[in-house]
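Comments concern the structure below.
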Amino acid sequence: MNTRVDSRMIELVHVNRSFKRADGQTVKAVQDVSVVVEEGEFVCLVGPSGCGKSTLLQMVAGLLEPSDGGIAVAGKEISGPGRERGMVFQKDSVFPWMRVIDNVEYGLKCRGVAAAQRRDIARTYLARVGLAHVERAWPRELSGGMLKRVAIATVFANGGRVLLLDEPFGALDYVTRRQLQSVLLNLWDEGGSAARRTILFVTHDVDEALALADRILVFHSGRQVDDLAVTAERPRTVDSLLLPDMVAIKRKLLAHLGLEEGSAASRIAASHEAGV
Ligand code: ADP
Ligand code: MG
(Lines give C-alpha, C1' and ligand atoms only; values in the text may rest on other atoms or scores of the structure.)
(Ligands and ions follow the chains in the order given, each with its own letter.)
Protein backbone atom coordinates (compact mmCIF):
# COMPACT_ATOMS: atom_id res chain seq x y z
CA MET A 1 0.00 0.00 0.00
CA ASN A 2 2.68 2.47 0.99
CA THR A 3 5.62 1.83 -1.31
CA ARG A 4 7.46 4.93 -0.15
CA VAL A 5 8.36 3.36 3.19
CA ASP A 6 11.09 1.20 1.65
CA SER A 7 12.80 4.15 0.04
CA ARG A 8 13.15 6.21 3.20
CA MET A 9 16.77 7.21 3.58
CA ILE A 10 16.68 9.72 6.42
CA GLU A 11 13.99 9.84 9.05
CA LEU A 12 13.80 12.31 11.91
CA VAL A 13 11.11 11.67 14.49
CA HIS A 14 10.22 14.47 16.90
CA VAL A 15 13.81 15.63 17.10
CA ASN A 16 14.73 18.30 19.65
CA ARG A 17 18.07 19.78 20.54
CA SER A 18 18.74 22.34 23.26
CA PHE A 19 21.96 24.05 24.25
CA LYS A 20 22.85 25.47 27.62
CA ARG A 21 24.54 28.79 27.07
CA ALA A 22 27.34 30.14 29.25
CA ASP A 23 24.89 32.63 30.84
CA GLY A 24 22.71 29.72 32.01
CA GLN A 25 19.95 30.29 29.43
CA THR A 26 18.69 27.33 27.45
CA VAL A 27 18.50 27.72 23.65
CA LYS A 28 16.04 25.49 21.83
CA ALA A 29 18.01 25.17 18.59
CA VAL A 30 15.80 22.45 17.04
CA GLN A 31 12.22 21.89 18.13
CA ASP A 32 10.06 18.89 17.36
CA VAL A 33 11.29 18.32 13.82
CA SER A 34 9.93 15.26 12.01
CA VAL A 35 11.15 14.79 8.45
CA VAL A 36 11.36 11.93 5.98
CA VAL A 37 13.82 12.16 3.09
CA GLU A 38 13.54 9.61 0.30
CA GLU A 39 16.56 7.87 -1.17
CA GLY A 40 18.04 9.95 -3.97
CA GLU A 41 16.23 13.12 -2.99
CA PHE A 42 18.02 16.46 -3.05
CA VAL A 43 16.64 18.45 -0.14
CA CYS A 44 17.63 22.00 0.72
CA LEU A 45 17.24 23.43 4.21
CA VAL A 46 16.55 27.14 4.19
CA GLY A 47 15.92 29.63 6.98
CA PRO A 48 17.34 32.67 8.71
CA SER A 49 20.64 32.54 10.52
CA GLY A 50 20.31 30.85 13.90
CA CYS A 51 17.17 28.84 13.00
CA GLY A 52 18.89 25.51 13.69
CA LYS A 53 19.99 24.33 10.23
CA SER A 54 23.56 23.45 11.19
CA THR A 55 22.43 21.84 14.43
CA LEU A 56 20.03 19.64 12.48
CA LEU A 57 22.65 18.64 9.93
CA GLN A 58 25.19 17.82 12.63
CA MET A 59 22.67 15.58 14.32
CA VAL A 60 22.08 13.69 11.06
CA ALA A 61 25.87 13.45 10.69
CA GLY A 62 26.03 11.94 14.18
CA LEU A 63 28.30 14.73 15.43
CA LEU A 64 25.66 15.98 17.86
CA GLU A 65 23.07 13.99 19.78
CA PRO A 66 19.43 15.02 19.86
CA SER A 67 18.21 16.03 23.32
CA ASP A 68 15.08 14.13 22.45
CA GLY A 69 13.68 12.16 19.48
CA GLY A 70 15.24 9.75 17.01
CA ILE A 71 17.16 9.81 13.74
CA ALA A 72 17.39 6.83 11.43
CA VAL A 73 19.46 6.52 8.26
CA ALA A 74 18.69 3.67 5.85
CA GLY A 75 16.33 2.25 8.46
CA LYS A 76 18.87 2.17 11.30
CA GLU A 77 18.90 4.46 14.31
CA ILE A 78 22.18 6.36 14.23
CA SER A 79 24.49 6.55 17.23
CA GLY A 80 27.40 8.58 15.85
CA PRO A 81 29.08 9.29 12.53
CA GLY A 82 29.09 6.54 9.89
CA ARG A 83 30.78 6.03 6.58
CA GLU A 84 27.46 6.01 4.74
CA ARG A 85 27.21 9.73 5.60
CA GLY A 86 29.65 12.31 4.22
CA MET A 87 29.79 15.95 5.23
CA VAL A 88 31.08 19.15 3.62
CA PHE A 89 31.30 22.37 5.61
CA GLN A 90 31.58 25.95 4.43
CA LYS A 91 35.17 26.08 5.67
CA ASP A 92 38.04 23.69 6.22
CA SER A 93 37.01 20.61 4.28
CA VAL A 94 40.49 20.03 2.84
CA PHE A 95 43.66 19.06 4.75
CA PRO A 96 46.31 21.68 3.93
CA TRP A 97 49.20 19.29 4.58
CA MET A 98 48.13 16.76 1.93
CA ARG A 99 48.37 17.03 -1.83
CA VAL A 100 45.05 17.24 -3.68
CA ILE A 101 44.98 13.56 -4.65
CA ASP A 102 45.93 12.44 -1.13
CA ASN A 103 43.05 14.49 0.25
CA VAL A 104 40.59 12.78 -2.08
CA GLU A 105 42.01 9.35 -1.20
CA TYR A 106 42.25 9.87 2.53
CA GLY A 107 38.88 8.45 3.58
CA LEU A 108 39.37 5.40 1.36
CA LYS A 109 42.86 4.87 2.80
CA CYS A 110 41.45 4.98 6.33
CA ARG A 111 39.03 2.24 5.34
CA GLY A 112 41.84 0.06 4.00
CA VAL A 113 41.02 0.36 0.30
CA ALA A 114 44.07 -0.84 -1.68
CA ALA A 115 46.41 1.87 -2.98
CA ALA A 116 45.83 1.28 -6.70
CA GLN A 117 42.07 1.11 -6.30
CA ARG A 118 41.81 4.25 -4.20
CA ARG A 119 44.01 6.14 -6.66
CA ASP A 120 41.67 5.10 -9.48
CA ILE A 121 38.61 6.26 -7.58
CA ALA A 122 40.27 9.56 -6.60
CA ARG A 123 41.39 10.23 -10.18
CA THR A 124 37.91 9.47 -11.49
CA TYR A 125 36.31 12.04 -9.20
CA LEU A 126 39.04 14.64 -9.66
CA ALA A 127 38.44 14.38 -13.40
CA ARG A 128 34.67 14.71 -12.87
CA VAL A 129 35.15 17.99 -10.99
CA GLY A 130 37.64 19.28 -13.58
CA LEU A 131 40.79 19.03 -11.46
CA ALA A 132 42.72 16.17 -13.09
CA HIS A 133 45.53 18.62 -13.92
CA VAL A 134 46.20 19.59 -10.30
CA GLU A 135 46.21 16.21 -8.55
CA ARG A 136 49.79 16.78 -7.29
CA ALA A 137 49.17 20.36 -6.19
CA TRP A 138 49.01 21.53 -2.58
CA PRO A 139 45.73 23.05 -1.36
CA ARG A 140 47.44 26.43 -0.79
CA GLU A 141 48.05 26.62 -4.54
CA LEU A 142 44.34 26.41 -5.36
CA SER A 143 41.57 29.03 -5.47
CA GLY A 144 38.56 28.87 -3.13
CA GLY A 145 36.43 27.41 -5.92
CA MET A 146 39.01 24.73 -6.70
CA LEU A 147 39.23 23.79 -3.01
CA LYS A 148 35.47 23.29 -2.99
CA ARG A 149 35.83 21.05 -6.04
CA VAL A 150 38.34 18.98 -4.06
CA ALA A 151 35.91 18.75 -1.14
CA ILE A 152 33.08 17.66 -3.46
CA ALA A 153 35.31 15.09 -5.20
CA THR A 154 36.35 13.75 -1.80
CA VAL A 155 32.85 13.32 -0.42
CA PHE A 156 31.73 11.52 -3.58
CA ALA A 157 34.89 9.35 -3.68
CA ASN A 158 34.19 8.26 -0.11
CA GLY A 159 31.06 6.62 -1.42
CA GLY A 160 28.57 7.68 1.26
CA ARG A 161 24.95 7.30 0.18
CA VAL A 162 23.97 10.35 2.22
CA LEU A 163 25.73 13.67 1.70
CA LEU A 164 25.32 16.50 4.18
CA LEU A 165 26.45 19.90 2.96
CA ASP A 166 26.36 22.94 5.23
CA GLU A 167 26.46 26.12 3.14
CA PRO A 168 29.35 24.63 1.15
CA PHE A 169 29.36 27.42 -1.44
CA GLY A 170 28.44 30.25 0.92
CA ALA A 171 31.82 31.99 0.73
CA LEU A 172 32.19 31.82 -3.07
CA ASP A 173 31.49 34.56 -5.60
CA TYR A 174 28.32 34.29 -7.69
CA VAL A 175 29.88 32.85 -10.85
CA THR A 176 31.97 30.28 -8.99
CA ARG A 177 28.95 29.30 -6.93
CA ARG A 178 26.90 28.69 -10.07
CA GLN A 179 29.71 26.56 -11.51
CA LEU A 180 30.00 24.51 -8.34
CA GLN A 181 26.23 23.97 -8.28
CA SER A 182 26.52 22.41 -11.75
CA VAL A 183 29.48 20.28 -10.71
CA LEU A 184 27.51 18.98 -7.73
CA LEU A 185 24.34 18.34 -9.74
CA ASN A 186 26.26 16.50 -12.47
CA LEU A 187 27.88 14.19 -9.93
CA TRP A 188 24.60 13.62 -8.14
CA ASP A 189 22.86 12.76 -11.42
CA GLU A 190 25.64 10.89 -13.24
CA GLY A 191 24.28 7.38 -12.84
CA GLY A 192 20.67 8.39 -13.51
CA SER A 193 17.90 8.75 -10.97
CA ALA A 194 18.30 5.24 -9.50
CA ALA A 195 21.93 5.92 -8.52
CA ARG A 196 21.46 9.31 -6.92
CA ARG A 197 22.81 9.90 -3.45
CA THR A 198 20.55 11.49 -0.90
CA ILE A 199 21.56 15.07 -0.21
CA LEU A 200 20.74 17.48 2.59
CA PHE A 201 22.07 20.88 1.57
CA VAL A 202 21.89 23.92 3.83
CA THR A 203 21.79 27.28 2.12
CA HIS A 204 20.63 30.78 2.89
CA ASP A 205 20.55 31.53 -0.85
CA VAL A 206 16.99 31.20 -2.13
CA ASP A 207 18.06 30.97 -5.80
CA GLU A 208 20.57 28.26 -4.92
CA ALA A 209 17.82 26.21 -3.28
CA LEU A 210 15.61 26.65 -6.36
CA ALA A 211 18.44 25.60 -8.68
CA LEU A 212 19.30 22.48 -6.69
CA ALA A 213 16.43 21.06 -4.72
CA ASP A 214 13.70 18.52 -5.28
CA ARG A 215 12.25 19.80 -2.03
CA ILE A 216 12.93 22.80 0.18
CA LEU A 217 12.38 22.56 3.92
CA VAL A 218 12.02 25.92 5.60
CA PHE A 219 12.98 26.47 9.22
CA HIS A 220 12.30 29.24 11.65
CA SER A 221 13.32 29.43 15.32
CA GLY A 222 14.22 25.73 15.35
CA ARG A 223 10.94 24.58 13.83
CA GLN A 224 10.13 23.35 10.37
CA VAL A 225 7.59 25.79 8.97
CA ASP A 226 7.23 24.69 5.34
CA ASP A 227 7.97 21.86 2.91
CA LEU A 228 7.96 22.99 -0.73
CA ALA A 229 8.26 20.65 -3.71
CA VAL A 230 10.32 22.04 -6.60
CA THR A 231 9.02 20.26 -9.66
CA ALA A 232 10.82 22.21 -12.42
CA GLU A 233 12.58 19.91 -14.87
CA ARG A 234 16.31 19.31 -14.76
CA PRO A 235 18.72 20.49 -15.89
CA ARG A 236 17.44 23.84 -14.69
CA THR A 237 18.43 26.93 -16.58
CA VAL A 238 18.27 30.62 -15.79
CA ASP A 239 14.87 30.51 -17.51
CA SER A 240 13.65 27.79 -15.11
CA LEU A 241 13.86 30.33 -12.31
CA LEU A 242 11.40 32.51 -14.20
CA LEU A 243 8.69 29.84 -14.54
CA PRO A 244 5.50 30.82 -12.70
CA ASP A 245 5.77 27.85 -10.30
CA MET A 246 9.35 28.77 -9.43
CA VAL A 247 8.47 32.42 -8.92
CA ALA A 248 5.63 31.33 -6.63
CA ILE A 249 8.03 29.24 -4.54
CA LYS A 250 10.54 32.06 -4.44
CA ARG A 251 7.86 34.43 -3.17
CA LYS A 252 7.00 31.97 -0.41
CA LEU A 253 10.63 31.60 0.57
CA LEU A 254 11.17 35.34 0.64
CA ALA A 255 8.04 35.71 2.75
CA HIS A 256 9.38 33.12 5.21
CA LEU A 257 12.59 35.11 5.39
CA GLY A 258 10.61 38.29 5.99
CA LEU A 259 11.76 39.78 2.70
CA GLU A 260 8.66 39.90 0.55
CA GLU A 261 7.66 43.31 -0.68
CA GLY A 262 5.72 45.30 1.86
CA SER A 263 6.63 43.07 4.81
CA ALA A 264 7.64 44.67 8.08
CA ALA A 265 11.14 43.26 7.71
CA SER A 266 11.60 44.71 4.25
CA ARG A 267 10.32 48.13 5.40
CA ILE A 268 12.76 48.11 8.31
CA ALA A 269 15.61 47.09 6.00
CA ALA A 270 14.64 49.84 3.55
CA SER A 271 14.52 52.49 6.26
CA HIS A 272 17.96 51.42 7.50
CA GLU A 273 19.30 51.69 3.97
CA ALA A 274 17.82 55.16 3.66
CA GLY A 275 19.46 56.09 6.95
CA VAL A 276 16.10 56.75 8.66
P1 ADP B 1 21.91 28.06 11.69
O2 ADP B 1 22.86 27.04 11.15
O3 ADP B 1 20.52 27.94 11.16
O4 ADP B 1 22.43 29.46 11.52
P5 ADP B 1 22.58 26.90 14.26
O6 ADP B 1 22.09 25.50 14.17
O7 ADP B 1 24.04 27.11 14.12
O8 ADP B 1 21.76 27.83 13.26
O9 ADP B 1 22.16 27.47 15.68
C10 ADP B 1 20.82 27.41 16.17
C11 ADP B 1 20.77 28.06 17.55
O12 ADP B 1 21.51 27.26 18.47
C13 ADP B 1 21.41 29.45 17.62
O14 ADP B 1 20.66 30.22 18.54
C15 ADP B 1 22.80 29.18 18.16
O16 ADP B 1 23.29 30.29 18.85
C17 ADP B 1 22.55 28.00 19.08
N18 ADP B 1 23.72 27.12 19.20
C19 ADP B 1 24.23 26.35 18.21
N20 ADP B 1 25.28 25.63 18.65
C21 ADP B 1 25.44 25.97 19.96
C22 ADP B 1 26.34 25.57 20.99
N23 ADP B 1 27.28 24.67 20.76
N24 ADP B 1 26.18 26.12 22.22
C25 ADP B 1 25.20 27.01 22.46
N26 ADP B 1 24.33 27.42 21.54
C27 ADP B 1 24.43 26.92 20.31
MG1 MG C 1 24.68 27.27 10.13
Side-chain angles (χ1 to χ4, degrees), residues 10-35 37 42-71 73 78-81 85-94 144 147-148 151-152 155 162-173 176-177 180-181 184 198-213 215-228 249-250 252-260 263 265 268-269:
I10 303 170
E11 188 163 13
L12 289 86
V13 182
H14 298 299
V15 171
N16 288 273
R17 172 72 205 206
S18 301
F19 292 106
K20 196 96 172 168
R21 283 206 312 237
D23 62 6
Q25 296 267 0
T26 299
V27 184
K28 292 181 175 177
V30 171
Q31 298 190 60
D32 196 26
V33 170
S34 294
V35 168
V37 178
F42 198 131
V43 174
C44 282
L45 312 183
V46 170
S49 183
C51 72
K53 306 180 295 294
S54 294
T55 303
L56 195 75
L57 214 66
Q58 287 178 45
M59 288 193 285
V60 178
L63 300 171
L64 264 181
E65 267 185 54
S67 311
D68 201 12
I71 302 176
V73 171
I78 61 162
S79 59
R85 280 161 285 149
M87 186 136 183
V88 178
F89 302 91
Q90 184 173 332
K91 288 195 246 168
D92 304 329
S93 284
V94 175
L147 288 171
K148 277 295 153 207
I152 298 293
V155 81
V162 172
L163 306 185
L164 308 166
L165 299 101
D166 194 353
E167 305 205 32
F169 309 147
L172 303 175
D173 66 85
T176 310
R177 198 157 70 224
L180 266 291
Q181 289 165 9
L184 175 63
T198 308
I199 297 187
L200 286 188
F201 185 109
V202 172
T203 180
H204 56 252
D205 179 337
V206 166
D207 288 334
E208 183 163 72
L210 289 168
L212 297 176
R215 197 146 70 92
I216 301 174
L217 305 180
V218 187
F219 292 85
H220 201 287
S221 306
R223 292 184 186 279
Q224 190 201 319
V225 294
D226 215 339
D227 181 344
L228 303 163
I249 297 171
K250 183 165 178 172
K252 278 190 188 167
L253 291 171
L254 292 177
H256 280 304
L257 295 171
L259 294 173
E260 87 278 33
S263 75
I268 291 165

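Atoms within each ligand, like the ligands themselves, are counted from 1 in listed order.
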Handout entry: Flag: protein heavy atom within less than 4.0 Å of atom 20 (N) of ligand 1
Key = yes
Completion exercise
Ranked by distance from atom 7 (O) of ligand 1, the top protein heavy atom is Ser54 CB, 3.8 Å
Problem - Closest approach of any protein heavy atom to atom 13 (C) of ligand 1, naming residue and atom - result: Gly50 O, 3.7 Å
Handout entry: Geometric N/O contact Gly52 with ligand 1, under 3.5 angstrom
Key = yes
Problem - Distance (rounded to the nearest 0.5 Å) between Leu200 CG and Leu163 CG - result: 9.5 Å
Practice task
To the nearest 0.5 angstrom, please state how far the OG1 atom of Thr55 sits from the CG atom of Leu63.
Solution key: 11.5 Å
Practice task
Take Asp166 and Leu164, measure what side chain to side chain contact (heavy atoms under 4.5 Å, CB included) needs, and give me the verdict at the end.
Solution key: CA-CA 7 Å; Asp166 194 353; Leu164 308 166; over 6 Å; no
Completion exercise
In short, Ser18 meets Thr26 closest at the heavy-atom pair CB-CG2, 3.8 Å
Handout entry: the Mg ion (ligand 2) to nearest N/O/S of Ser54 below 2.8 Å
Key = yes
Handout entry: Identity and separation of the nearest protein heavy atom to atom 15 (C) of ligand 1
Key = Val27 CG1, 4.8 Å
Exercise for the section: Output yes when Asp205 and Arg177 qualify as a salt bridge under the 4.0 Å nitrogen-oxygen rule, no when they do not. Expected result: yes
Handout entry: Ser67 backbone acceptor or donor facing Glu65 side chain under 3.5 Å
Key = no
Practice task
Please confirm whether Gly47 comes under 4.0 Å of ligand 1, counting heavy atoms of the residue only.
Solution key: no
Exercise for the section: Considering only protein heavy atoms, determine whether one is less than 4.0 Å from atom 11 (C) of ligand 1. Expected result: yes
Exercise for the section: Flag Thr55 as yes when one of its N or O atoms lies below 3.5 Å from any N or O atom of ligand 1, and as no otherwise. Expected result: yes
Handout entry: Per-atom contacts, ligand 1 versus Lys53 - under 4.0 Å to a heavy atom
Key = 1 (P), 2 (O), 3 (O), 4 (O), 6 (O), 8 (O)
Exercise for the section: Find all atoms of ligand 1 within a distance of less than 4.0 Å from any non-hydrogen atom belonging to Ala29, and give their numbers and elements. Expected result: 10 (C), 11 (C), 12 (O)
Exercise for the section: Would you name the heavy atoms of Cys44 and Ala213 that are closest together and state the gap between them? Expected result: SG-CB, 3.7 Å
Exercise for the section: Measure the distance from atom 27 (C) of ligand 1 to every protein heavy atom, then report the residue, atom name and distance (to 0.1 Å) of the closest one. Expected result: Phe19 CD1, 3.3 Å
Practice task
Give, for atom CZ of Arg223 and atom CD of Gln31, the distance between the pair rounded to the nearest 0.5 Å.
Solution key: 4.0 Å
